Amino acid sequence: MTATAPGTAPLAPVETGLIPVFVRLKLSLLRNGLRQSSGRRAAYTASAVLALLVAALQLLGLVLLRGDPHAATVSILLVAVLALGWAVLPLFFPSGDETLDPTRLVMLPLRPRPLVRALLVSSLVGIGPLFTLCLALGAVIAVARGGAAVAVGVAAVPLVLLLCVALARAVAAANIRLLTSRKGRDLAVLSGLVIAVGAQLVNFGVQRIGSSDAGLGELDPAADVVGWIPPASALSAVRTAGEARYGVAAAQLALSVLALVLLLRLWQRSLTRLMTTPDGSTLAAAGPDRTRRGRGLAGLLPSGRTGPVMERTLRYVWRDPKTKAAWVTSLAIGLIVPLFNALQGTGSVYFACFAAGMLGIQMYNQFGQDTSAFWMVAMTIASTRDAYDELRARALALLLVTLPYAALVTVLTTALLGVWHALPEALGLSFALLGAMLATGAWASARFPYSIPQEGHKNVAPGQAGLAWISIFGGMLGAAALCAPVIALTVWLHASDRGSWSWLLLPVGAGYGAAVTLLGLRLAAPRAAGRLPEILTAVSKG
């Protein structure tokens, strides 16, 4: 036995056993979250099966790409886009990787270095890492030629996986208090804008990779440059090893190893700062108390229950950091996608509907946005009529922003493309889509509510990620189905050479959107009124 000084504890065994403890804790959180309801298990299972199916198809496609002259270019750029997605998407979309939140461990006597190792290993448990592993394995199979390349590929696969996970965790740890600090609200909005732009870079990167064979050759210079940026440099080392350029391969592989070490150091420093620095909630307010209350907005809103609910919803958008960040990113993406495509000359006026779609997502999980404060709202809902008025007021608050914004984006897209004759039908389709998303969003809010944690960087509580994805994407599919009549009318008018009557799509789309919204609110109201205890329990998990 090793003697220790009186009053001291042997830290080495504790640090050595930290990794299995965190892995078991991660598995316990996932298992206990799925035990809460059969619907949550079904949602998580469906999302897992879908992700694994996509991963399997991706792996098969990369294996079939082996031998193609552009296989290395596609694989290297695909790994780079994957790494960018790991750095950007977990901060914007509900995360399926429910790793442990380090803010819950600040009061425990844990050192940052073993904590980083334990969190890194526990982060490898999940669907996202398995998807990344399949993609990295397929990329190595597509590129490796010869025994040396295979040997380098054996090291490149886990290196790519560890780099992606470490990158995501380092970025998350550096921003973990961004959305919870009162002083960081403006930075949160800026972060949301950066995330929105980053997501579009991922989108355009994927579109570029999926271009025609003739265009793939134009990406070779970009792949040569990206091949020196980790983690793509690890995959590029496989290619250069197969070309017998062993010195270059060693340099590229060493570059990825160095990047992993630097990311772990950055992550460790962020955890040290997180565990030793007080957050904004423990500090006194720096400025005088602002008690000025403006009555301008309240005076313009309807009377009765509708006005106060609309004002409360708009105040959440302006004051709550996570709600504000979600709105800013939706506004940015809704503007970037149609305008970028129009400026590149590859866009369509129908891309303007993306603005209505992005803002329509804000209607989903309306009760979850209230978090545990929803009990105050639940106390005021005693009947189906009360639930209907609540949902209608929230929809009207969204329409105050979404209607003029969708119209503005449609006009700008039409102006850039120079197709003013298509403006009425584009507006009609946008309004119909917006109405359909408000309808499905109201129903999904009552049927699939989930909690949004007030602390940390996550947008969904542990165990509810699958439920959130099913709610959002299921609702979006339902909205697309509801828009089918308006889309069919648009196609019929153009196919039957009745394009001169396309202006009718503006009133038809607006009226159809309004009717679908009212129908959705009517169907969602009794479900919301009858499930108040379940909704309150679901949204209070965080």
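Worth saying up front: this structure is predicted, and the values here are computed from it rather than measured.
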### Message
Could you tell me if the side chain of L18 sits less than 4.5 Å from the side chain of R117, heavy atoms only?
### Response
no
### Query
Are T440 and L477 close enough that some pair of their side-chain heavy atoms sits under 4.5 Å apart?
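Side-chain contact under 4.5 Å: no.
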### Message
Among residues at least two apart in sequence or on other chains, which ones pass ring-ring contact (aromatic ring centres under 6.0 Å, His included) with Y364?
### Response
none
### Query
Between the main-chain N or O of M363 and the side-chain N or O of S445, is there a donor-acceptor pair closer than 3.5 Å?
yes
### Query
Do side-chain atoms of K26 reach the backbone of S123 as a donor and acceptor pair under 3.5 angstrom?
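No, because the side chain of K26 does not come within donor-acceptor range (under 3.5 Å) of the backbone of S123.
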Please identify each residue that fulfils side chain to side chain donor-acceptor pair (under 3.5 Å) with [X], with sequence neighbours left out.
| X | answer |
| --- | --- |
| T132 | W86 |
| T323 | D320 |
| S75 | none |
| Q362 | S330 |

Please set out all donor-acceptor pairs under 3.5 angstrom arising from side-chain atoms of residues 135-161, sequence neighbours excluded.
none

Tell me every residue that passes side chain to side chain contact (heavy atoms under 4.5 Å, CB included) with [X], counting only those two or more places apart in sequence or in another chain.
| X | value |
| --- | --- |
| L331 | L359, Y405 |
| L52 | L130 |
| S430 | C353, A356, T410 |
| Q268 | P112, R113, V116, T272 |

### Query
What's the shortest heavy-atom distance between A223 and L77, and which atoms?
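Residues A223 and L77, closest heavy atoms: CA-CD2, 4.0 Å.
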### Task
Enumerate the residue pairs fulfilling side-chain hydrogen bond (donor to acceptor under 3.5 Å, both in side chains) with a member in residues 254-265, sequence neighbours excluded, ordered by first and then second residue.
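Every pair satisfying side-chain hydrogen bond (donor to acceptor under 3.5 Å, both in side chains) with a residue in residues 254-265: S233-S256.
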### Task
Using the test salt bridge (Lys or Arg N to Asp or Glu O under 4.0 Å), find all partners of R245 that sit at least two apart in sequence or belong to another chain.
E243
### Task
Report the C-alpha separation of V23 and L124 in whole Å, then their side-chain angles, then the decisive distance to 0.1 Å, and conclude whether the side-chain contact (heavy atoms from CB on, under 4.5 Å) test is met.
CA-CA 9 Å; V23 173; L124 297 177; over 6 Å; no
